[in-house]
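In this text the structure is predicted, and so the values were computed from the model without any measurement. Reckoned from all heavy atoms, side chains included, excluding hydrogens, waters and symmetry mates. We name chains A, B, ... by the order of the sequence lines, and we start the count at 1 in each one.
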Amino acid sequence: MNPNFLSDLNSAQHQAVTFTGGNLLVLAGAGSGKTRVLVHRIAWLLSQGASPQNILAVTFTNKAATQMRIRLEQMLQFSLASMWVGTFHGLAHRLLRLHWQEAGLVQSFQILDADDQTRLLKRIHKALSLDPEKWPVKQSQAFINGNKEKGLRYSEAATNGFVDPVLIRVYQAYENACSSSGLVDFAELLLRSYELWQNNQQLREQYQKRFGHILVDEFQDTNAIQYAWIKSVSSSDSNLTAVGDDDQSIYSWRGADSNNMQRLKSDYANVNVVRLEQNYRSTATILKAANAIITNNKSRLGKNLWTNCGDGDPIILYAAFNEIDEARYVVDKIQLWRKQGKALNEAAILYRSNAQSRVIEEQLLRAGIPYRVYGGMRFFERAEIKDVLAYLRLLVNRNDDAAFERVINLPTRGLGEAALVLLRNHARLHNCSLWKAGETMVATQQLPARATSALSGFMSLINDGSMQIAKLTLAELVQFIINLVGLHEHYSKPQYQEYKQSRLENLDELINAAGQFSTLVSEDDRQLLLNAFLAHVALEAGEHLDKDDSNNCVQLMTLHAAKGLEFSLVFLCGMEEGLFPHIMSMGSKEELEEERRLCYVGMTRAKQKLYMSCADSRQLHGSTNLRQPSRFLREIPPELIKSDTLINSVKPALFEDLSQDLSHGQDVSQGNDFYLGQNVSHQEFGEGVITSFEGHGEHTWVRVKFRKVGSKLLSPEYIRGRVI
DNA sequence: GACAGTCCTGTTTTT
DNA sequence: CAGGACTGTC
């Protein structure tokens with residue numbers, strides 16, 4: 001290692017990296033070199049004699065964990081294999097695989113992802129005959145996950161305040177189903193491994209002793225169970241380093257509690273605090289604007305981010321006429337950026353919700369600009385992929401009812417709802433899995449003749465497959481299953497024609513992924529390798545397709561997904577009331593403050609140029625509606641903003657506060673672009689004002705309220721704009 | 001039992 | 001607009 005690796009740190013960073021007094025809380029503002037401090041600190045600890053296996057480094061996302069690994073590998077010469085670096089969920093899973101017996105699990109336990117969980121709960125609701133109107137599955141799901149995140153089992157869930165007994169019953173039934181199927185959901189990974197430590201003093205002490213240095217990234221995002229998990233592996237001799245920024249806490253809807261940062265001070269002895277307040281990322285203008293916004297939040301620890309960078313360009317605001325116009329504007333600016341010879345992957349388009357990406361994608365496609373969308377439907381969440389994975393899960397564990405239900409009739413083999421009802425009843429009666437129920441019912445001929453033969457065919461298919469595990473490589477096994485089951489034929493059926501191509505490609509990609517995975521994991525036991533692969537795909541649902549990461553693509557993602565990243569050029573789209581802040585998060589002060597933090601996170605991703613845009617009207621859920629610009633826009637000091645828009649006459653109040661400073665850009669209403677509230681004239685009907693747009697694209701109609709003849713719906717070609 | 005067609009409703013962020 | 005629930009036909 002370069003002995004001078006500390007020389008490029010500022011004094012606060014240096015202090016954090018080389019701290020020796022026990023526990024440390026690093027308050028690290030956006031762009032203040034947080035990851036750098038963590039990585040350097042680990043390197044420094046190793047240089048001071050700590051062994052890699054003494055270190056536990058926890059991050060929140062897979063992306064951050066990978067990043068940390070890569071940076072460490074660059075700095076150090078030796079292997080990191082014995083160092084525990086990963087996400088909370090990944091590490092908890094690792095622990096449970098090592099101690100499955102003590103944790104009361106079966107060795108072949110599998111991870112239940114959110115989608116599997118929904119399906120399972122749906123079945124449970126049905127079994128309990130719950131009226132879906134009165135008892136939505138989503139509610140149960142939130143209830144169960146919320147309680148697990150607080151560390152509460154169903155027996156404890158009722159203890160604080162009134163809880164409807166129905167929810168407790170669902171929770172209980174769900175727990176039973178999971179444990180009899182050998183399934184563990186995301187929250188369960190943490191809760192179960194926490195309980196493992198709590199109930200097993202010897203094991204706990206073993207790990208406490210091992211992990212002399214515990215480092216936690218994004219500490220503001222920890223929830224109760226994650227906090228307890230960390231606490232339980234900490235001893236009085238451990239050294240905890242927690243890094244976080246309360247202004248970037250954006251996951252409270254998932255149980256995260258940034259108060260955990262303060263809680264440290266009372267739960268741990270002698271917590272030293274280091275503040276990183278120098279920002280190395282953004283221009284002063286961007287930073288000032290972001291600071292101005294976040295200052296409106298009441299509940300914050302408070303800090304003062306500053307920078308040495310120059311002012312840079314003003315933030316550019318564009319009020320589009322609709323979402324298509326907004327997308328076109330963004331694409332125009334990206335083309336300009338490209339013409340200047342700048343890298344496309346330094347440009348990011350950020351939005352509040354995934355649904356917003358489609359319109360932008362269309363415009364990028366039309367302009368021939370390569371792009372990459374993060375999030376949305378991920379690779380391992382695709383139906384055809386999950387189908388194959390369900391087969392693999394059954395090979396590993398016949399009692400996996402969730403997998404069983406998924407593929408019992410895929411491709412259709414005459415085992416529909418009626419047969420399943422019989423199986424489920426038998427399974428419930430005898431308290432066994434669907435597979436076992438099937439075995440019994442086939443043997444004792446308790447099913448109609450047709451179903452019996454279909455079911456025994458299905459079961460021998462699975463049995464045949466599982467004999468191959470030891471013989472084939474992982475990739476060969478996946479291929480084998482696809483062939484055995486006849487998935488190519490299945491997806492080639494006429495009703496799937498539309499997606500056939502991409503589905504078959506995805507199946508090939510899965511074979512590919514399986515092959516790659518085997519080369520990455522050193523596991524000789526094929527059974528364990530398959531287990532590891534299944535866990536891998538559940539925990540990292542698809543960012544693995546990063547093979548073209550070096551590609552020069554524009555990056556599209558939600559604001560949440562952008563946390564921790566930085567780009568030279570950033571677009572924040574859909575800055576509208578109801579969209580951002582989101583309508584579902586406008587109900588309380590707390591939610592609104594979280595939206596504001598999200599805005600802060602988004603803005604501070606930008607290094608040089610920041611564009612923010614909103615639309616006058618937007619098509620949402622099938623209908624077009626009028627929008628108001630986001631309150632966040634008004635919280636930015638006007639002198640930091642330049643408008644690229646002709647001021648909209650119908651909504652002068654929008655930019656009231658900014659108006660003196662808005663430079664009147666070029667008229668964007670030239671050509672066919674009209675805007676709401678525009679004064680127009682018509683040969684026959686006279687003068688009027690545009691009140692709405694209907695339809696979209698080439699088929700946009702304009703509703704005009706005429707002074708004399710009232711409201712009319714017209715094709716835009718018959719009206720003329722009059723610039724006032 | 002399978003499947004196609006119709007009606008209806010609910011809209012966020014993710015390990 | 002899309003996905004899910006429900007209905008009717010083969």
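- The closest side-chain heavy-atom distance from A:Leu410 to A:Leu487 is below 4.5 Å.
- With salt bridges taken as basic N to acidic carboxylate O contacts below 4.0 Å, none links A:Glu577 and A:Arg627.
- Of the candidate nucleotides B:dT12, B:dT13, B:dG1, B:dT12 has the atom nearest to the side chain of A:Ser585.
- At whole-Å resolution of the value, NE2 in A:His89 and P in B:dT15 are 9 Å apart.
- With B:dT15, B:dT12, B:dT14 as the candidates, the nucleotide lying closest to the side chain of A:Ser353 is B:dT12.
- Contact check on A:Glu361 versus A:Arg358 returns no salt bridge, with no Lys/Arg side-chain nitrogen under 4.0 Å from an Asp/Glu carboxylate oxygen.
- Residue side chain A:Arg254 does not reach the base of B:dT13 through any donor-acceptor N/O pair under 3.5 Å, judged by distance alone.
- Taking atom CH2 of residue A:Trp135 and atom P of nucleotide C:dA5, one finds them 19 Å apart after rounding to whole Å.
- Within the cation-pi definition used here (under 6.0 Å to the ring centroid, within 45° of the axis), A:Lys148 does not qualify as a partner of A:Phe186.
- Taking 4.5 Å as the limit, every side-chain heavy atom of A:Asp401 sits out of range of all side-chain heavy atoms of A:Leu120.
- Atom CE of A:Met557 and atom C1' of B:dT13 are 14 Å apart (whole Å).
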What dot-bracket string describes DNA chain B from 5' to 3', counting Watson-Crick and G-U wobble pairs whose defining distances are under 3.5 Å, with [ ] for crossing pairs and | for pairs to another strand?
-> ||||||||||.....
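- Between A:Asn409 and A:Glu594, the residue anchored nearer the 5' end of DNA chain B, judged by the nucleotide with its closest heavy atom, is A:Asn409.
- Nearest nucleotide to the A:Trp253 side chain, out of B:dT14, B:dT15, B:dA2: B:dT14.
- B:dT14 atom P lies 19 Å from atom CG of A:Leu112, rounded to whole Å.
- Summary of the strand contacts: A:Arg450 and A:Gly90 both lie near DNA chain B, and taking for each the nucleotide with the nearest heavy atom, the more 5' one is attributed to A:Arg450.
- A salt bridge links A:Arg393 with A:Asp116: the closest approach of a Lys/Arg side-chain nitrogen to an acidic carboxylate oxygen falls below 4.0 angstrom.
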Mind listing the N/O atom pairs, protein and nucleotides 5-11 of chain B, below 3.5 Å?
| residue | atom | partner | partner atom | Å |
| --- | --- | --- | --- | --- |
| B:dT11 | O2 | A:His621 | ND1 | 2.4 |
| B:dT11 | N3 | A:His621 | ND1 | 3.2 |

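- Inter-residue side-chain proximity for A:Pro581 and A:Arg631 is flagged as met; some heavy-atom pair is nearer than 4.5 Å.
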